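These notes concern the structure reproduced below.
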Amino acid sequence: MFSYFQPKYLKQARLLQKGVKKFLKYKEDILSEEKRAKIDAASAEFDAAIAAKDKEKVKETAKSLTKVCEKSVPQHKNSALRENVEVIFVAFVIAIGIRSYFLQPFKIPTGSMQPTLNGVKATDLSQDPEHKHPNFVSRILSKAIKGRSWVDITMKEDGYLTGIREETKFKFFTYTKFIFQDSSKNFKIPAPIAVVTKSVEDDGFGVVEKLRELGVRIYQDQITGKFTLTTPGLIEKGTLIARGKIDTGDQVLVDKMSYHFRRPNRGEVFVFNTRRIKGVRRIDPQQESQHYIKRLTGIPGDKVEIRPKENALPDNGVRSANILVNGEPPNEPGMLRVEEEYDGYIYYSRFRYHQFDLSQDSFEHKKYGERPYLALGDNSRNSSDSRDWGVVPEQNVVGPAFTVYWPFTNHWGLIK
């Protein structure tokens with residue numbers, strides 16, 4: 001992972017490449033073929049210098065490319081608008097740089113890290129005959145402060161349901177879309193499909209259970225988790241689909257710089273991508289990777305044992321433990337809270353024995369050719385983690401979760 005830390009001049013060169021692409025996109029309607037050809041030639045020379053990692057050549061061709069772009073469009077003297085656009089462009093580049101190299105926002109989608117971090121949670125109120133949504137002002141305030149949305153969906157007329165799928169806009173806003181033969185009847189619920197379809201007892205809306213009670217034949221693929229209908233299902237006018245509230249998952253900032261200068265520490269909450277990790281369930285088969293957030297419970301060199309609680313015997317005369325790291329109970333505060341079932345946490349076990357060898361000679365190390373890390377969810381019984389799909393290769397690690405910046409609940413602030 002540490003070999004991926006690029007020199008400053010290459011980072012700046014990559015940003016210039018992106019800037020030129022945006023420039024060409026914005027100016028394509030006013031650029032002549034001759035000027036476009038000059039820009040393409042200068043870009044090719046610049047790209048070759050980057051590929052060769054020739055620092056001086058990169059600087060030289062960057063200046064030439066910049067001048068060619070500047071001369072390709074009319075220059076307006078004393079233009080306040082142009083100056084403002086330049087300021088906005090610089091701010092945009094800085095924001096992109098911060099996100100790419102320093103801090104990245106990340107949304108907690110599931111409850112695998114509860115109660116440390118909250119995922120998206122639905123509260124079904126369809127069985128409460130006295131329930132009334134708050135007034136408009138209260139809804140706006142609860143959305144701004146708590147990230148809470150209110151849902152009340154009843155079929156206004158008969159419709160044939162043909163599908164349910166999850167969609168995401170701007171890589172951050174996820175919702176579940178219900179698709180009908182007549183598209184005018186389509187509607188959305190502002191929550192991931194897992195939350196919408198989960199049972200009411202598991203903090204979901206239980207929509208699939210309700211549809212099956214109505215006679216709709218809907219099935220879930222056990223590998224991808226995707227829902228399909230063999231034939232369109234009739235949902236009659238007046239049918240209550242969902243009523244209640246949805247609390248957004250915690251929004252966190254991930255520190256993408258620290259691991260370039262230090263090794264990940266056991267016990268901290270960290271984010272990683274799932275590329276090359278087989279066994280991770282993907283609702284969208286085309287999705288090569290997604291980001292997960294877990295607690296780092298094993299670092300390279302560790303040997304970790306997780307025992308069913310009934311087999312968690314006293315170790316070294318200190319206390320009972322159902323997780324051992326190198327033969328000893330953990331001392332990291334975050335891991336202790338889970339292992340000792342402190343204030344709502346559940347111990348590290350799902351009634352099975354697990355053993356992980358993260359030493360240099362281990363199979364996990366040889367499989368990926370790099371240092372392996374163990375990732376477990378704090379919500380131990382309801383977490384898809386290393387117990388299901390194995391270790392996290394070093395190259396997949398993004399960084400430690402730094403802080404919760406929204407919503408403004410008791411989780412707001414530094415993550416521990």
Side-chain angles (χ1 to χ4, degrees), residues 1 4-5 95-114 116-121 147 165-176 190-195 224-226 248-260 264-265 267-299 334 368 370-379 382-407 411 414-415:
M1 173 173 53
Y4 290 88
F5 184 70
I96 292 294
I98 290 174
R99 187 186 186 280
S100 300
Y101 301 107
F102 298 99
L103 296 173
Q104 179 175 344
F106 181 79
K107 181 178 181 179
I108 308 299
T110 69
S112 70
M113 281 298 291
Q114 289 176 332
T116 303
L117 296 169
N118 288 331
V120 182
K121 176 182 177 182
R165 69 167 180 253
E166 182 178 292
E167 297 185 357
T168 301
K169 282 191 175 182
F170 309 114
K171 297 184 178 182
F172 219 69
F173 301 101
T174 302
Y175 55 88
T176 300
I193 194 169
V195 174
T224 65
K226 186 177 180 180
T248 187
D250 288 334
Q251 317 276 321
V252 307
L253 289 177
V254 181
D255 173 7
K256 300 181 69 175
M257 282 295 291
S258 293
Y259 289 165
H260 291 299
N265 294 323
E268 63 188 354
V269 178
F270 77 130
V271 170
F272 56 93
N273 65 62
T274 59
R275 189 177 296 111
R276 297 189 302 160
I277 301 179
K278 294 182 179 179
V280 173
R281 173 182 286 187
R282 295 179 173 88
I283 292 179
D284 181 1
Q286 303 301 319
Q287 188 177 26
E288 180 184 359
S289 176
Q290 56 200 95
H291 286 90
Y292 276 12
I293 183 166
K294 304 290 179 184
R295 191 170 298 276
L296 202 166
T297 50
I299 60 177
Y368 295 107
E370 51 194 30
R371 296 159 59 89
Y373 293 89
L374 188 67
L376 299 180
D378 283 359
N379 186 3
N382 297 290
S383 171
S384 174
D385 51 36
S386 288
R387 292 169 294 181
D388 302 301
W389 34 253
V391 299
V392 178
E394 183 176 45
Q395 187 180 23
N396 292 45
V397 176
V398 176
F402 172 58
T403 185
V404 174
Y405 66 90
W406 187 74
H411 286 170
L414 297 179
I415 297 172

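Note that this is a predicted model, so its numbers are computed, not measured.
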Determine, step by step, whether T248 and W406 satisfy the side-chain contact (heavy atoms from CB on, under 4.5 Å) criterion, reporting the C-alpha distance in whole Å, the side-chain angles of both residues, the deciding distance to 0.1 Å, and the verdict. CA-CA 9 Å; T248 187; W406 187 74; 3.8 Å; yes

Set of side chain to side chain contact (heavy atoms under 4.5 Å, CB included) partners for T110, sequence neighbours left out: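 For T110 the side chain to side chain contact (heavy atoms under 4.5 Å, CB included) partners, ignoring immediate neighbours, are S112.
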
Suppose we screen for side chain to side chain contact (heavy atoms under 4.5 Å, CB included). Which residues come up paired with N382, at least two apart in sequence or across chains?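 Side chain to side chain contact (heavy atoms under 4.5 Å, CB included) check on N382 returns N379.
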
Would you compute the distance between atom [atom1] of [X] and atom [atom2] of [Y] and round it to the nearest 0.5 angstrom?
{"X": "Q114", "Y": "K121", "atom1": "CD", "atom2": "NZ", "value": "7.0 Å"}
{"X": "I193", "Y": "T176", "atom1": "CD1", "atom2": "OG1", "value": "5.0 Å"}
{"X": "I277", "Y": "N396", "atom1": "CD1", "atom2": "CG", "value": "4.5 Å"}
{"X": "D378", "Y": "M113", "atom1": "CG", "atom2": "CE", "value": "3.5 Å"}
{"X": "Q290", "Y": "F272", "atom1": "CD", "atom2": "CZ", "value": "10.0 Å"}
{"X": "S386", "Y": "R295", "atom1": "OG", "atom2": "CZ", "value": "14.0 Å"}

Check: [Y] main-chain N/O paired with [X] side-chain donor or acceptor under 3.5 Å:
{"X": "N273", "Y": "V398", "answer": "no"}
{"X": "D250", "Y": "I108", "answer": "no"}
{"X": "K294", "Y": "L374", "answer": "no"}

Minimum heavy-atom separation for [X] and [Y], please, with both atom names.
{"X": "G399", "Y": "V254", "value": "O-CG1, 3.7 Å"}
{"X": "A191", "Y": "V120", "value": "CB-CG1, 4.2 Å"}
{"X": "P264", "Y": "I299", "value": "O-CG2, 3.9 Å"}
{"X": "I415", "Y": "A401", "value": "CD1-CB, 3.6 Å"}
{"X": "S384", "Y": "Y292", "value": "O-CE2, 4.4 Å"}

Contact between V269 and P400 at the side-chain level, heavy atoms closer than 4.5 Å - yes or no?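 No, their side chains stay 4.5 Å or more apart.
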
H291 vs F106 aromatic rings, parallel, tilted or perpendicular, using cut-offs 30° and 60°?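 Answer is perpendicular, since the angle exceeds 60°.
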
Should the pair Y373 and F270 be assigned to parallel (<30°), tilted (30 to 60°) or perpendicular (>60°) ring geometry?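 It falls in the tilted class, 30° to 60°.
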
Verdict with reasoning, L414 to F402, per side-chain contact (heavy atoms from CB on, under 4.5 Å): CA-CA 6 Å; L414 297 179; F402 172 58; 3.9 Å; yes

Could you walk me through whether N265 and L296 satisfy the side-chain contact (heavy atoms from CB on, under 4.5 Å) test, starting with their C-alpha distance in whole Å, then the side-chain angles of each, then the deciding distance to 0.1 Å, before giving a yes or no? CA-CA 7 Å; N265 294 323; L296 202 166; over 6 Å; no

